[in-house]
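Below, chain A is the first sequence line, B the second, and so on; all start at residue 1. Given the structure is predicted, the values throughout are model-derived calculations rather than measurements.
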Amino acid sequence: MGSMMDFTKRYCDARRSLIRAKFKNLNDRQVEAVLATEGPLLILAGAGSGKTTVLINRIANLLRYGRASDSDELPPGADEAALRRLQAGGPEAEALAALDPVAPWRILAITFTNKAADELKARLERMLGESANDIWACTFHSACVRILRRDGEKLGYGDNFTIYDTGDSQSLIKRILKDLELDEKQFPPRSVMSEISRSKDARIGPAEYLRQAKLSNDYRRTRIGQVYEEYARRLFAANALDFDDLIACTVTLLLEHEDVRSYWQRRFQYVLVDEYQDTNHLQYLLASTLAGGWGNICVVGDDDQSIYKFRGATIENILSFEQQYKSCRTIRLEQNYRSTAHILNAANAVIRNNLGRKGKELWTDAGPGDPIELHCADNENEEAQYVASAILTNFGQGANWRDHAVLYRMNAQSSQLEFAFKRSGIPYRIVGGTRFFDRAEVKDMLSYLNVIASPADDLRLSRIVNMPPRGIGERSMELAGELARQEHCSLYEILSRADRYPEIKRAAPKMKLFIQLMEELRAFSQVNPPDALYDELLEKTGYLRMLETSEEDKDQTRAENVKELKSSILGYMKDSGDTSLDGYLANIALYTDLDSYDRDADSVVMMTMHSAKGLEFPSVFIVGMEETIFPGMRAIGEPEEMEEERRLCYVAITRAKRHLTLLCARQRMLFGRTTTNRCSRFVDEIPEEDIRKQLPKGYGYTEKRSEFAYGWRERQGEPSFAYRPPQAREQTVKPVIRKAPTPPPTASFAVGDRVRHKAFGEGRIAKLSPMGNDFLVEISFDKIGSKKLMLRAAALHMEKL
DNA sequence: CGCACCACAATTTTT
DNA sequence: TTGTGGTGCG
């Protein structure tokens, strides 16, 4: 008997060491996470700790070796001879080391963004080849869409349901508020929406919500309940689901339909959830229900990077995972492969001030690197100019534009930076902000396509019925809406027989005309692919003509966007090989701008700190490090909110690989108001030895000292072990008072002059033309060609030869 | 009905 | 400062 146990142990040990050897490029903690295949597993993965790598390798392990690495079970037919062959290695050993290798389609890996899902898929395919395509690597929402397309009719939805994005939902809410004669001041659509969203998250339906509201005699909640009820009714009537519904309905489907539940539970042998700190209650329910069959649920997250509480994410999911799953194993990944020590020290020090967290300390063996820099500017304009200047310096020393990111708390902060970059000839891109698919003109065109695909979509029909103006006014549509409700039919049907209703007789001919147009387009769409339909649409509706003939600059941009949408259609048809309109619309509903963020384009990236999560850049600038900006006004005096802001700060800091520059402005104009703010408390939380401060002393502020600020190339011979602070910071003690404002720049430059620019090299001034109180200068550079710059800004970075 | 004009408010936003 | 939504007139 003893020898049997002994044999088992020897076999399993041999098996483990073989498998272990396959992952020798990972660190010990990572390997542990990869090999722990069975049961619930919580991976606390700090920023830059290689969690995606772990996820990929974990899946690879499952596919290749099944649960062999985590089990003491012998495969059938294991004997001494097999053990010897296992120990000998070679191709045979692979099979002997495996224990029920997992079929790819039994693995579900859930992420939050399409981008993360795509990256996961791409890396899996690179590592595992073709078979990776059968792994379900998708977002929460797209997983739900797939489940609902299959079984949604059990909840009464057609399988061609449409998805309402946040904008659609908001219009619908506004519509309902009007219909119920509720004042938007008293019932702000935003808060009504989040109330509804929270209820959905708690799986409280309209009926239950209303019951509770009435019970507690709460007028406000009762009215919101009525909005909720109507909202649900209209969504359902339009065969539409909003983002919350996608998850909520899937959960309901799983919980209430035994057959559906057991189908999926049997199927998904391993469930992995990425960014678990961002899940809400519904998503937790979804994941744990799907994993409920086999019980193999692995969640990866970082409680310190939970920055979406305002969207319903509950950090409690990750904080309480160990209570939910008693047999859970927890693994911490704390070795950071991204940043140098000064940056990590700062991040650790800042986040340490939070109370509600699991506790983690990032470390690196990469060496100290350069200290963080703090630059305090006089105002937001100079702050932007400083960033531009620093980036130009780096570019001049061989860095790429794309190595730089500028992060801010609010989108509204981006404009000064844009100006500075434009003036200085720095190519930049703004990620986020108003998204392409959220632009009014794009939504209009998509609404047309949606109505063509499903005429019962009242919301989108109302959006386009008078766009461009067709003489179908709001009053007529309101009446038509009442009729539709009376007759339990869609607006489209009412409009198509408008002449039968005396109430809307006046507008009836125009409505008929509109319906006729839509019918033609519908007929066209039956026999033509979406791209052709789109051309037809632009032509027949006159929408594009309306924009192109407009005098306004903005309408030209809008026209561009409308045309740009066609490339999205073509792109979809090309990528998917699908030529159905329904397919395109379904795809687009879950698509965002962030997905199109193209890391190959060489330009500086600007975005909010929120959007930066998951990304990394050699050089990062965080602007607006001021009290009331970051942390924002609303967080001050609110401990919970402040912790979320601090997590955001942690996220922002840990984006930087090599260089981190923090900026604040003593005075800042925001929303047309000038305010004076103290430097952010987060700056004070960074240890002195990790940061070099250029603080204002008395009147001025310290001179830029670019000579030490940016040594781009790695310095040789620096100690790469235990980091010691450099000499005391005398720099802040003896400030250099800044010179007077830049003199008028024209005096020193003229057309024909040869100049040397610190970033663009040598060139000749080709043109000088006045512009505002500055000059637009066109310089033909020898190496990079012609560039247009604003002279005042350019003069700072170039000299006459 | 459509347009021009004024008041108003404005974190963050993976789907 | 920007964008949006409401009002009032032609």
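- Spacing between atom CZ of A:Phe243 and atom P of B:dT13 amounts to 15 Å, rounded to whole angstrom units.
- Contact of A:Arg311 with B:dT14 (side chain to base): no donor-acceptor pair of N or O atoms is detected under 3.5 Å.
- Residue order along DNA chain B, read from the 5' end via each residue's closest nucleotide, puts A:Arg475 first among A:Phe112 and A:Arg475.
- As a whole-Å value, the separation of A:Asp438 CG from B:dT15 P is 11 Å.
- In this entry the distance linking CE of A:Met609 with P of B:dT14 reads 16 Å, nearest Å.
- A:Arg475 is linked by a side-chain contact (heavy atoms from CB on, under 4.5 Å) to A:Glu478, A:Leu479, counting only residues two or more places apart in sequence or in another chain.
- Neither OP1 nor OP2 of B:dT14 sits under 4.0 Å from any side-chain N or O of A:Asn114.
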Expected rows: protein N/O vs nucleotides 8-12 of chain B N/O, under 3.5 Å:
unit_1 : atom_1 : unit_2   : atom_2 : d
B:dT12 : OP1    : A:Asn411 : N      : 3.1
B:dT12 : O4'    : A:Arg409 : NH2    : 3.3
B:dT12 : O2     : A:Arg409 : NH2    : 2.3

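- Judged purely by distance below 3.5 Å, without hydrogens or angles, the side chains of A:Glu275 and A:Gln277 pair a donor atom with an acceptor atom.
- With sequence neighbours excluded, the residues satisfying side-chain hydrogen bond (donor to acceptor under 3.5 Å, both in side chains) with A:Glu645 are A:Arg409.
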N/O-N/O pairs, protein side and nucleotides 2-5 of chain C side, under 3.5 Å:
unit_1 : atom_1 : unit_2   : atom_2 : d
C:dG3  : OP2    : A:Lys554 : NZ     : 2.9
C:dG5  : OP1    : A:Lys174 : NZ     : 2.8

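- Classified by its glycosidic torsion, B:dT11 falls in the syn category, the angle being within 90° of 0.
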Protein-nucleic acid N or O pairs under 3.5 Å, nucleotides 2-6 of chain B:
unit_1 : atom_1 : unit_2   : atom_2 : d
B:dG2  : OP1    : A:Gly471 : N      : 2.8
B:dG2  : OP2    : A:Asn466 : ND2    : 2.8

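- In this structure A:Arg150 satisfies the side-chain contact (heavy atoms from CB on, under 4.5 Å) test together with A:Tyr263, A:Trp264, sequence neighbours excluded.
- Applying the ring-ring contact (aromatic ring centres under 6.0 Å, His included) definition to pairs two or more places apart or across chains, none involves residues 167-197 of chain A.
- Shown here are the salt bridge (Lys or Arg N to Asp or Glu O under 4.0 Å) partners of A:Asp582, two or more places apart in sequence or in another chain: there are none.
- One can place CD of A:Gln413 at 17 Å from P of C:dT1, the figure rounded to the nearest angstrom.
- Scored by the salt bridge (Lys or Arg N to Asp or Glu O under 4.0 Å) test, A:Arg681 finds A:Glu627 as partners (sequence neighbours excluded).
- In this entry the distance linking CD of A:Gln170 with C1' of B:dT15 reads 16 Å, nearest Å.
- A cation-pi arrangement is present between A:Arg149 and A:Phe161 under the rule of less than 6.0 angstrom and at most 45 degrees off the ring axis.
- Under 4.0 angstrom from either OP1 or OP2 of B:dT13 there lies no side-chain N or O belonging to A:Thr166.
- Listed by chain and number, the residues in a salt bridge (Lys or Arg N to Asp or Glu O under 4.0 Å) with A:Asp242 are A:Lys200 (sequence neighbours excluded).
- Here A:Ser199 pairs with nothing under the side-chain hydrogen bond (donor to acceptor under 3.5 Å, both in side chains) rule; sequence neighbours left out.
- Distance, A:Lys115 NZ to B:dT14 C1': 10 Å, rounded to whole Å.
- Residues satisfying the side-chain hydrogen bond (donor to acceptor under 3.5 Å, both in side chains) test with A:Asp278, not counting sequence neighbours, are A:Lys613.
- Between A:Ile247 atom CD1 and B:dT14 atom P the separation is 15 Å, expressed in whole Å.
- Between A:Glu626 and A:Arg668 there is a salt bridge, with a side-chain nitrogen of the basic residue lying less than 4.0 Å from a carboxylate oxygen of the acidic one.
- When the P atom of B:dT14 is taken as reference, atom CZ of A:Phe437 falls 13 Å away, rounded to whole Å.
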